[in-house]
J.: 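Handing you this structure, nothing more for now.
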Amino acid sequence: MLIHFKKQLAEKIKQAIISLAKSGKLNLEVDRLPEVVIEIPANSSFGEFSTPVALQLAKAAQNNPRKIAEMILAELFREVSPFWEDFTALEIEAGRMVFKPADFLAGPGFINFTMKDKFWATMVKIINEQGAGYGSSDYGQKRKVMVEFVSANPTGPLHIGHGRSAAYGDSLARVLRLAGFDVWREYYINDAGRQMGLLGKSLHARYLQELGVEASLPAEGYRGRYLVEIAKQLKNEQGDKYRNEAADSEFFINYAVEMILAGIRSDLAEFKVEFDHWFSEKRELHDTNKVEECLEYLKSRKAVYQKDGAAWLKTGEWEEQDRVVVNSQGVPTYLAGDIAYHKNKYERGFETLIDIWGHDHHGYQPRMKAMVEALGYSPDSLHLIVYQLVSLLRDGAPVKMSTRAGEFITLKEVLDEVGSDAVRYFFNMRGPDSQMEFDLELAKKQSSDNPVFYVQYAHARICSIFRNMAEYGFNEADIPTAKVDLLTTEGERDLIKKLAAFPELVIKCAKSDEPHHLTTYLQEMAAIFHSFYKHHRIMDRENQELSYARLKLMKALKIVIHNGLDLLGVTAPERM
RNA sequence: GCGCCCGUAGCUCAGUAGGAUAGAGCAGCGGUUUCCUAAACCGUUGGCCGGAGGUUCGAAUCCUCUCGGGCGUACCA
């Protein structure tokens, strides 16, 4: 397909340059050539494939870039090869390729190529053949990647910010999988430490209150309403059985964590986000002595040392000051748990670790990198993605949120109001670095103002065409054999070129850990389709062959929109 | 103070593995429906890509400085 084709073309050009260099026609060192990049110009008057390589060579070769381009072309087309059959402006006469350099040369020295309709028609066939698998590649080489995301503390329900993490992480995981990685999604449950004690005591107080006993929340306790609900449930299930249980009893902690996690799981399920594993800090690190083992290991590597009664991690070049991993009371800090956790990830065979965090943790990055190095792995193998704040907008005004006072907009509330599709799509319209505004009114709108509906509507429209097929006298069974070479209009070609770019887009998203390029792509695709639909008749009784060709194109389009939306975790409705 | 992120159209934001004329949606203005879904389409207004230097044949994109905004700088998690 397209990626492969571009590689071949680049290779041919590279060989042409090498041959020019070897024969002395170009004064270049063969082992120091720039990579030949094949671009797809936005403006097709600059060809459908283009390379600026002649410009890049100009300086080293001390020659005019246009001149260099001409030499490359002459060398490139020196021998007749089936590879060139699909290129325009190339003729074969008496066993030789004949062309005018001007047809390939533009501007200061760009080399541009344009393809015959046949070439693009082949793309439509390929997409139809690959179906749901279209977009996949072996880019990832089955390398093991862990995406750890959400990982909200089990002390309260997910809020809207966690939603961003969930949408982002899950879509990224889907993209990586399609791009050929062996992906594992994990949620790290912080169910150990001081906060847990506080949570248990908070539930204890709420429970007593439910029983009519006067009790007050601990100083920094959890004040949210959800704990009142949990206390009610506890009372309903167990009555006053735990009335005399100690406030710091494990029972309250476990009960609260269990209920809260159940809520988190159900919210995420509604959001179409699933994990391969929910990793318990308490059970899988502390109870199994992993933290101590890890600290001993780091001491043996001289990465951790004792000073002032505490244990410190050397942060080396990454940070000015070293960080405490065991405090002077002998209690491991949060960082110690994190180190042990990441060591564990590497030990499970993951080559790349992707951590997705909220912006409030960004200061934590350097010590994480230092930690990876201390463990003996490459700092580049840990991708830290920090997403920025989400603010909600209702009727053009910001919705106030305060986590401290226990007043925040939960993910569940937003899901109930605008629906999972819109939330997932909106979160993936922006890169993680942008501090985004989430407009509740816009997300609910059922018009083209709302990008989700715009893209979904394109899909529904296509489905509608297929529903009407029989009525217009067309048969599903005749589509596979359609003559796609008949697709020659500008709108058709634009559509096909866009469709053909999908696999490379998926790789781009995987490479940059940025699934949000998909939404831009889908909107552009939908726009091309809607315009095409307006201006062209798909099913025309007077022109059966062309109609079948177009139906086949619509099938390909449906596949790509469907696959694209699927990566975002958004449904592709059959009708709207 | 130090560190990270951001600054692109009136608004919300794409575009940053350097490429040819900087894009979309909204908002504004004006059109389109005997026709497969008007949840659509077409036209139009709007920009010194925060500013200044530098690297390059070429910079919104890379480097330095600078201004403005956000956040972080715990023996908390």
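Chain identifiers are assigned alphabetically (A, B, ...) following the order of the sequence lines, protein sequences preceding nucleic acid strands; residue numbering begins at 1 within each chain.
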J.: Please work out whether the ring planes of His459(A) and His562(A) are parallel, tilted or perpendicular, with thresholds of 30° and 60°.
T.: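 His459(A) vs His562(A) ring planes: tilted.
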J.: When you get a sec, tell me which of C4(B), C13(B), G19(B) is the closest nucleotide to the side chain of Gln365(A)?
T.: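 Nearest to the side chain of Gln365(A) among the choices is C4(B).
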J.: Can a salt bridge be assigned to the pair Lys345(A) and Glu148(A) using a cut-off of 4.0 Å between side-chain N and carboxylate O?
T.: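 Salt bridge between Lys345(A) and Glu148(A), a charged N being under 4.0 Å from a carboxylate O: yes.
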J.: Between the base of A17(B) and the side chain of Lys511(A), is there any donor-acceptor pair under 3.5 Å?
T.: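 Looking at the base of A17(B), it does pair with a donor or acceptor on the side chain of Lys511(A) (distance under 3.5 Å).
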J.: Would you measure the distance from the C1' atom in A24(B) across to the matching atom in A14(B) and give it in whole Å?
T.: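 Between the two C1' atoms, the distance is 7 Å.
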J.: With a 3.5 Å cut-off and no angle check, do the side chains of Thr571(A) and Asp421(A) form a donor-acceptor pair?
T.: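 Thr571(A) vs Asp421(A): donor-acceptor pair found between side chains.
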J.: Taking all atoms of both residues into account, what is the closest heavy-atom pair of Gly161(A) and Tyr387(A), and its distance?
T.: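 Where Gly161(A) meets Tyr387(A) most closely, the heavy atoms are O-OH, 3.3 Å.
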J.: Which nucleotide sits closest to the side chain of Phe453(A): A20(B), A39(B), U12(B)?
T.: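 Nearest nucleotide to the side chain: A39(B).
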J.: Is it true that the side chains of Tyr334(A) and Glu281(A) contain a donor and an acceptor less than 3.5 Å apart?
T.: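 Side chains of Tyr334(A) and Glu281(A): no pair found under 3.5 Å.
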J.: Which nucleotide sits closest to the side chain of Lys534(A): C41(B), C2(B), C36(B)?
T.: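 Selected nucleotide (nearest to the side chain): C41(B).
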J.: Quick one: list whatever passes side-chain hydrogen bond (donor to acceptor under 3.5 Å, both in side chains) with Glu11(A), sequence neighbours left out.
T.: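 Listed in chain order: Gln15(A).
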J.: When you compare C11(B) with U45(B), how far apart are their C1' atoms, in angstrom units rounded to a whole number?
T.: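 Those two atoms are separated by 16 Å.
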J.: Could you check whether Arg550(A) pairs with Glu492(A) (Lys NZ or Arg NE/NH1/NH2 to Asp/Glu carboxylate O, under 4.0 Å)?
T.: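 Here Arg550(A) pairs with Glu492(A) in a salt bridge, since their nearest N and O are under 4.0 Å apart.
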J.: Can Phe46(A) be classed as stacking with the base of A20(B), given a centroid separation cut-off of 5.5 Å and a plane angle cut-off of 30°?
T.: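 It does: the two rings, one from Phe46(A) and one from A20(B), meet the stacking criterion.
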J.: On a plain distance test, is the side chain of His362(A) in donor-acceptor contact with the base of C71(B) below 3.5 Å?
T.: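 Yes, the side chain and the base share a sub-3.5 Å donor-acceptor pair.
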J.: Got Leu172(A) and Asp513(A) here, is their nearest side-chain heavy-atom distance under 4.5 Å?
T.: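 Result yes, sub-4.5 Å side-chain heavy-atom pair found.
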J.: In whole Å, I'd like the distance from the NE2 atom of His530(A) to the P atom of C36(B).
T.: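 About 16 Å, once rounded to whole Å.
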J.: When the nearest nucleotide of RNA chain B is assigned to Ala106(A) and to Gln388(A) on a heavy-atom basis, which residue is associated with the more 5' position?
T.: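 Final value for this comparison: Gln388(A).
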J.: Which atom pairs link the protein and nucleotides 59-61 of chain B when you take only N or O atoms and keep those under 3.5 Å?
T.:
none

J.: Determine whether Tyr364(A) and Leu384(A) make a side-chain contact, defined as any pair of heavy atoms from C-beta on separated by less than 4.5 Å.
T.: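 Not touching, per the 4.5 Å side-chain cut-off.
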J.: Between P on G72(B) and CH2 on Trp318(A), what's the gap in Å once rounded to a whole number?
T.: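 Answer to the nearest Å: 22 Å.
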J.: Would you say NZ of Lys497(A) has more than 12 non-hydrogen atoms from neighbouring residues, nucleotides or ligands within 6.0 angstrom?
T.: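 More than 12 within 6.0 Å, yes.
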J.: Measuring only the P atom in each nucleotide, how far is C57(B) from G50(B)? A whole number of Å is fine.
T.: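 The answer is 25 Å between these two P atoms.
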J.: Could you write out RNA chain B as dot-bracket? Rules: Watson-Crick or G-U wobble, both distances under 3.5 Å, brackets [ ] for crossings, | for pairs with another strand, dot for unpaired.
T.: (((((((..((((.....[...)))).(((((.......))))).....(((((..]....))))))))))))....
J.: Over how many whole Å does the gap from Ile528(A) atom CD1 to G23(B) atom P extend?
T.: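 For the pair Ile528(A) CD1 and G23(B) P, the rounded distance is 15 Å.
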J.: Report which part of the nucleic acid His536(A) touches: base, sugar-phosphate, or nothing (heavy-atom distance under 4.0 Å, all strands).
T.: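 Base: the residue His536(A), judged by heavy atoms under 4.0 Å, touches a nucleobase.
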J.: Starting from C1' on C57(B), measure out to CD1 on Ile111(A) and report it in whole angstrom.
T.: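 For the pair Ile111(A) CD1 and C57(B) C1', the rounded distance is 15 Å.
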J.: For Leu495(A) versus Phe529(A), what's the shortest heavy-atom pair and its separation?
T.: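 Closest approach of Leu495(A) to Phe529(A): CD1-N, 4.0 Å.
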J.: Sticking with atom C1', work out how far G69(B) lies from G51(B), rounded to a whole angstrom.
T.: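 Approximately 15 Å lies between the C1' atom of G69(B) and that of G51(B).
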J.: Within the structure provided, determine whether Val414(A) and Ile409(A) are in side-chain contact (heavy-atom separation under 4.5 Å).
T.: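 Yes; the side chains approach each other to less than 4.5 Å.
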J.: What is the separation between atom CG on Asn428(A) and atom C1' on U12(B), rounded to the nearest whole Å?
T.: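 So the two atoms are 17 Å apart, to the nearest Å.
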J.: Which residues, if any, of residues 50-65 of chain A bring a heavy atom under 4.0 Å of RNA chain B?
T.: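 Ser50(A), Pro52(A), Leu55(A), Gln56(A), Lys59(A) - these, ordered by number, are the residues of the stretch whose heavy atoms sit under 4.0 Å from the strand.
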J.: Taking atom C1' in both G18(B) and C62(B), compute the distance separating them and give it to the nearest angstrom.
T.: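 Between the two C1' atoms, the distance is 8 Å.
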J.: Using a cut-off of strictly less than 4.0 Å, decide whether Tyr454(A) has a side-chain nitrogen or oxygen near OP1 or OP2 of C26(B).
T.: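 For Tyr454(A), the contact criterion (side-chain N or O under 4.0 Å from OP1 or OP2 of C26(B)) is not met.
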J.: Does the side chain of Met196(A) reach to within under 4.5 Å of the side chain of Thr155(A), using non-hydrogen atoms?
T.: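 Counting from C-beta outward, Met196(A) and Thr155(A) do come under 4.5 Å.
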J.: Decide salt bridge (Lys or Arg N to Asp or Glu O under 4.0 Å) for Glu504(A) and Lys6(A); before the verdict, give the C-alpha distance in whole Å, the side-chain angles of both, and the deciding distance to 0.1 Å.
T.: CA-CA 11 Å; Glu504(A) 200 166 8; Lys6(A) 283 170 71 179; 2.9 Å; yes
J.: Does any part of the side chain of Glu476(A), heavy atoms only, come nearer than 4.5 Å to the side chain of Lys555(A), both counted from C-beta?
T.: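 Lys555(A) reaches Glu476(A) side chain to side chain.
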J.: Heavy atoms only, 4.0 Å cut-off, all strands: where does Ala311(A) land among base, sugar-phosphate and nothing?
T.: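 Here Ala311(A) touches no strand at all.
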J.: Below 6.0 angstrom between ring centroids: does that apply to Tyr341(A) and Phe279(A)?
T.: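 That pair passes the under 6.0 Å test.
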J.: Separation of Glu437(A) atom CD from G70(B) atom C1', in whole Å?
T.: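 Distance, rounded to whole Å: 13 Å.
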J.: Please write out the pairs of protein N or O atoms and N or O atoms of nucleotides 75-77 of chain B separated by less than 3.5 Å, giving the distance to one decimal.
T.:
from, atom 1, to, atom 2, distance (Å)
C75(B), O2, Ser328(A), N, 2.6
C75(B), O2, Ser328(A), OG, 2.7
C75(B), N3, Ser328(A), OG, 3.2
A77(B), OP2, Tyr334(A), N, 2.9
A77(B), O2', Asn153(A), ND2, 3.2
A77(B), N1, His361(A), NE2, 3.4

J.: Does Lys282(A) come within less than 4.0 Å of Asp287(A), counting only side-chain N to carboxylate O?
T.: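 Answer for the salt bridge query: yes.
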J.: Any side-chain N or O of His517(A) below 4.0 angstrom from OP1/OP2 of G15(B)?
T.: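 Affirmative; the distance criterion is met.
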J.: Would you mind reading off the distance between Phe532(A) atom CZ and C42(B) atom P, rounded to a whole angstrom?
T.: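 Distance check: Phe532(A) CZ to C42(B) P gives 13 Å.
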J.: Within a strict 4.5 Å, meaning less than it, do heavy atoms of the Tyr548(A) and Gln544(A) side chains meet?
T.: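 Tyr548(A) vs Gln544(A): side chains touch.
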J.: In whole angstroms, how far is the P atom of C71(B) from the OH atom of Tyr387(A)?
T.: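 Answer to the nearest Å: 16 Å.
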J.: Can you identify which nucleotide, out of G19(B), C36(B), G69(B), has its nearest atom closest to the Glu39(A) side chain?
T.: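 My answer, after comparing the listed nucleotides, is G19(B).
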J.: Reading RNA chain B from 5' onward, which residue's closest nucleotide shows up sooner: Arg430(A) or Arg537(A)?
T.: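 Going by which nucleotide is closer to the 5' end, it is Arg430(A).
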J.: Checking contacts here: which listed nucleotide (U12(B), C41(B), C36(B)) is nearest the side-chain heavy atoms of Tyr533(A)?
T.: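 Ranking U12(B), C41(B), C36(B) by closest atom to the Tyr533(A) side chain puts C36(B) first.
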J.: Let's see if you get this right: which residues in residues 464-474 of chain A place a heavy atom under 4.0 Å from RNA chain B?
T.: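 Those residues whose heavy atoms fall under 4.0 Å from RNA chain B, taken from residues 464-474 of chain A in numerical order, are Ser464(A), Ile465(A), Arg467(A), Asn468(A), Tyr472(A).
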J.: Using atom P in both nucleotides, what's the gap between C29(B) and G23(B) to the nearest angstrom?
T.: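 Rounded to whole Å, the distance is 25 Å.
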J.: Provide the distance between the two C1' atoms, one in G47(B) and one in G10(B), to the nearest whole Å.
T.: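 G47(B) and G10(B) have their C1' atoms separated by 12 Å.
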J.: Regarding Glu524(A), tell me which of base, sugar-phosphate or nothing describes its non-hydrogen contacts under 4.0 Å with the strands shown.
T.: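 Glu524(A): no heavy atom of the nucleic acid under 4.0 Å.
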J.: Taking atom P in both C75(B) and C71(B), what distance in whole Å separates the two?
T.: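 Comparing P positions in C75(B) and C71(B) gives a spacing of 23 Å.
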J.: Given the side-chain rings of His359(A) and His362(A), with only the six-membered ring counted for Trp, is the space between their centroids under 6.0 Å?
T.: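 No: the rings miss the under 6.0 Å criterion.
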